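Report on the structure given below.
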There are 2 protein chains.
Amino acid sequence: MQKKTSIYDIANALGITASTVSRALRGHTNISQEITQQVKDMAKKMNYRKNTVAVNLKNGYTKTIAVIIPQLNRQFFASAIDGIEEIASKSGYNVIICQTRNDVTKEKKAVQLLSESVVDGFIVSVVTDKSDYAHFRNVLDQQIPVVFFDRYPLASDFKRICLDDFEASMHAVEQLASLNKRKIFHFSGHQHVSIWRERTRGYLEGMKNLGIEVPKEWISENTLTHEAGVRAAEKMIRDNNIPDAIFSSSDHPLIGALFVLRKNGYRIPEDIAMTGYGNEMFTSYTQPSLSTVDQRSAEMGREAFVQLMRMIRGESIPDEIVLRHKLIVRESSMPAAAAGGAGVKKKPK
Amino acid sequence: MQKKTSIYDIANALGITASTVSRALRGHTNISQEITQQVKDMAKKMNYRKNTVAVNLKNGYTKTIAVIIPQLNRQFFASAIDGIEEIASKSGYNVIICQTRNDVTKEKKAVQLLSESVVDGFIVSVVTDKSDYAHFRNVLDQQIPVVFFDRYPLASDFKRICLDDFEASMHAVEQLASLNKRKIFHFSGHQHVSIWRERTRGYLEGMKNLGIEVPKEWISENTLTHEAGVRAAEKMIRDNNIPDAIFSSSDHPLIGALFVLRKNGYRIPEDIAMTGYGNEMFTSYTQPSLSTVDQRSAEMGREAFVQLMRMIRGESIPDEIVLRHKLIVRESSMPAAAAGGAGVKKKPK
DNA sequence: ATGAAAGCGCTAACAT
DNA sequence: ATGTTAGCGCTTTCAT
């Protein structure tokens with residue numbers, strides 16, 4: 001295997017120096033048309049490729065950023081990455097993606113590794129926001145910018161882009177209440193993650209504003225998966241404690257509950273209305289279609305990248321950017337009359 | 001902003017040389033316990049971080065691979081990346097992800113850029129397999145390994161991991177036929193992409209084996225999106241040309257068709273049975289749940305990475321690895337009796 | 001067990 | 001307009 005050709009090889013072949021070749025290749029002004037052409041021809045002839053690693057070493061940056069997320073397999077994260085990738089590639093940046101699978105150890109390892117001069121910055125949605133984020137503090141200490149989105153650590157010196165989860169949840173609860181639902185249950189997530197806490201807070205505040213007392217059985221903790229939703233619904237039936245409505249912090253458990261409740265003869269939304277969170281693709285495909293909170297994922301991704309760029313350029317940016325949610329009302333929380341025409345679906349966004 | 005500390009700084013502080021520091025840091029045998037400890041302490045004290053770019057330049061490789069795919073937002077690709085990422089991170093490799101959004105120009109640009117000493121290898125699912133893959137030939141010429149998966153170019157010197165799309169499609173058609181369906185329509189994709197061609201071939205072969213003539217109106221070309229599925233179903237109704245069953249090369253148009261047909265009073269699967277392709281999450285959430293071909297996405301991703309590693313190590317690998325499909329039969333293609341208990345859903349895998 | 005020196009490929013400040 | 005030189009941070013061969 002022949003060695004790769006470098007600018008020195010081109011220089012030698014042409015009887016000039018490497019600097020000239022370097023300049024010619026980059027279209028520097030102070031190089032004659034003639035030489036420039038010769039260099040380019042020779043480069044092509046010798047099958048020359050720039051060595052980006054050498055350039056990076058010289059420059060001190062890599063034009064690469066890392067995106068660290070819990071999992072790819074969620075509409076929200078997939079779209080957020082879409083948004084990031086879209087402008088990143090326009091700006092000539094590469095994007096390294098790491099899934100933490102909700103494992104703090106993986107998160108630490110990835111951050112540690114990538115912060116060793118591999119990337120110029122991080123866009124992160126954290127596993128947990130409780131206490132254990134020394135690894136990010138560390139990265140910041142090395143002057144590597146970090147922007148958090150959606151799930152952020154609590155410390156004040158971390159920049160973040162997030163949704164108005166609190167308001168969104170209040171909004172969802174109010175909308176359910178507008179259907180004369182009062183016994184509204186809640187599927188919540190781990191309380192050590194910012195977004196789940198905020199959503200639960202919003203639910204509670206919404207209920208409070210409605211003057212509705214919330215017994216603790218109305219809240220189903222750590223109910224974020226399909227299976228957890230199934231279990232929660234089965235418990236409702238077993239305990240003969242059936243709600244008027246459910247507000248879920250995620251679409252996934254809601255689907256599980258939907259199937260169990262429907263199978264047991266409950267009509268959605270007449271008997272039980274439902275609203276989820278995340279605008280997963282499947283929410284417009286179920287019967288009835290599911291109301292859900294859209295998290296503006298692509299915008300969030302784009303915004304995160306834009307802010308990260310500013311930090312990389314040394315500009316100062318706001319500590320927090322809050323995007324406004326979109327409550328998507330579908331059949332599962334429509335007045336019975338309106339939802340009547342079941343089977344009629346709009347195409348998803 | 002203070003400059004980052006290098007091994008020279010540590011060496012100076014300790015009155016030793018950089019080579020010793022380098023060796024100590026990597027736990028080289030020939031360095032005394034004592035010095036090793038001193039170096040490590042000093043490194044911590046001076047907040048030293050390895051410069052991966054310098055290491056890469058020295059080593060001539062980056063321990064980074066690129067995954068180039070049409071879009072992230074498909075269950076198949078998301079899971080394939082899951083699979084790749086899983087072992088990649090175990091093997092200490094970073095993964096750069098690029099979406100081509102089905103734009104050959106983007107594909108070329110990304111491949112060109114990343115092949116400039118940025119990555120050690122590529123895992124690719126191509127935009128199109130027709131003629132225009134000089135960019136990959138180019139990469140191979142530079143001794144950078146490439147493994148294709150799912151969608152591959154036709155030339156023989158490209159390695160690939162793929163599904164037995166032809167057999168899978170035949171299988172799906174046979175299964176539909178086993179329900180006494182004979183007028184089986186087909187939603188197909190662009191014929192300039194390997195997988196769509198294979199699936200259509202499998203459909204045709206399956207029909208031929210059943211002794212069923214296929215008029216060309218039975219095949220709906222370029223029907224890969226939700227909207228295209230809606231249009232296709234509307235056309236069936238308009239033309240009063242209703243099938244017994246539909247075999248679709250993608251789950252997405254099938255959903256569109258499902259809603260239109262159901263709204264028009266057709267019962268699924270009694271009047272029209274259906275089978276899709278891709279095992280999107282939503283296929284188990286619809287009513288009826290949709291039969292679909294599972295493409296073994298995670299395995300495919302893992303296999304692609306394993307083969308790529310072998311190529312990187314200089315080992316030779318087979319030209320083609322074919323994974324066996326899984327036909328997932330759900331309510332939309334079950335005998336009417338079995339599908340009777342509609343509303344009962346199994347949780348998705 | 002440790003040091004000296006060269007070099008990975010490129011760029012840029014400083015000549016001329 | 002082109003050349004000279006030094007250096008980005010690390011590893012490694014060859015000494016000692």
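To find a chain, count down the sequence lines: A is the first, B the second, and so on, and within it residues start at 1. Computed from a predicted model, the values in this text were never measured in an experiment.
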Figure out the [atom1]/[atom2] separation between [X] and [N], and round it to whole Å.
{"X": "B:Ile7", "N": "D:dC8", "atom1": "CD1", "atom2": "C1'", "answer": "12 Å"}
{"X": "A:Arg49", "N": "C:dG9", "atom1": "CZ", "atom2": "P", "answer": "16 Å"}
{"X": "B:His28", "N": "D:dT12", "atom1": "NE2", "atom2": "P", "answer": "7 Å"}
{"X": "A:Asn56", "N": "D:dC8", "atom1": "CG", "atom2": "C1'", "answer": "11 Å"}
{"X": "A:Ile31", "N": "C:dT11", "atom1": "CD1", "atom2": "P", "answer": "13 Å"}
{"X": "B:Tyr61", "N": "C:dG9", "atom1": "OH", "atom2": "C1'", "answer": "17 Å"}
{"X": "B:Gln38", "N": "C:dA1", "atom1": "CD", "atom2": "P", "answer": "15 Å"}
{"X": "A:Lys4", "N": "C:dG7", "atom1": "NZ", "atom2": "P", "answer": "20 Å"}

Under 4.0 angstrom between [X] side-chain N/O and [N] OP1 or OP2:
{"X": "B:Thr20", "N": "C:dT2", "answer": "no"}
{"X": "A:Ser32", "N": "D:dT2", "answer": "yes"}
{"X": "A:Arg26", "N": "C:dA12", "answer": "yes"}

A:Asn51 side chain: which of C:dC10, D:dG9, C:dT11 is closest?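 Among the listed nucleotides, the one closest to the side chain of A:Asn51 is C:dC10.
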Would you mind telling me which of C:dT11, D:dC10, C:dA4 lies closest to the side-chain atoms of B:Thr17?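 Nearest to the side chain of B:Thr17 among the choices is C:dA4.
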5′-ward residue of the pair B:Ile16/A:Leu57 relative to DNA chain C: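 The answer here is B:Ile16.
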Go nucleotide by nucleotide along DNA chain C from the 5' end; which of A:Arg23 and A:Tyr8 gets its closest nucleotide reached first?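 Checking each residue's closest nucleotide, the 5'-ward one belongs to A:Tyr8.
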Across the strands shown, which category fits [X] at heavy-atom distances under 4.0 angstrom: base, sugar-phosphate, nothing?
{"X": "B:Asn30", "result": "base"}
{"X": "A:Ser6", "result": "sugar-phosphate"}
{"X": "B:Tyr48", "result": "sugar-phosphate"}

Salt-bridge criterion met for A:Asp157 and A:Arg137 (N-O under 4.0 Å):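 The answer is yes: the pair qualifies as a salt bridge.
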Within the distance-only criterion (no hydrogens, no angle test), does the side chain of B:Ser91 pair as donor or acceptor with the backbone N or O of B:Tyr93 below 3.5 angstrom?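 Not a single qualifying donor-acceptor pair exists.
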Under a 3.5 Å cutoff, is there a donor and acceptor pairing between the side chains of [X] and [Y]?
{"X": "B:Thr52", "Y": "B:Lys63", "value": "no"}
{"X": "B:Gln112", "Y": "B:Glu116", "value": "yes"}
{"X": "B:Thr17", "Y": "B:Thr20", "value": "yes"}

Nearest-nucleotide wise, let me know which of B:Ser19 and A:Ala18 is further upstream toward the 5' end of DNA chain D.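 So the residue in question is A:Ala18.
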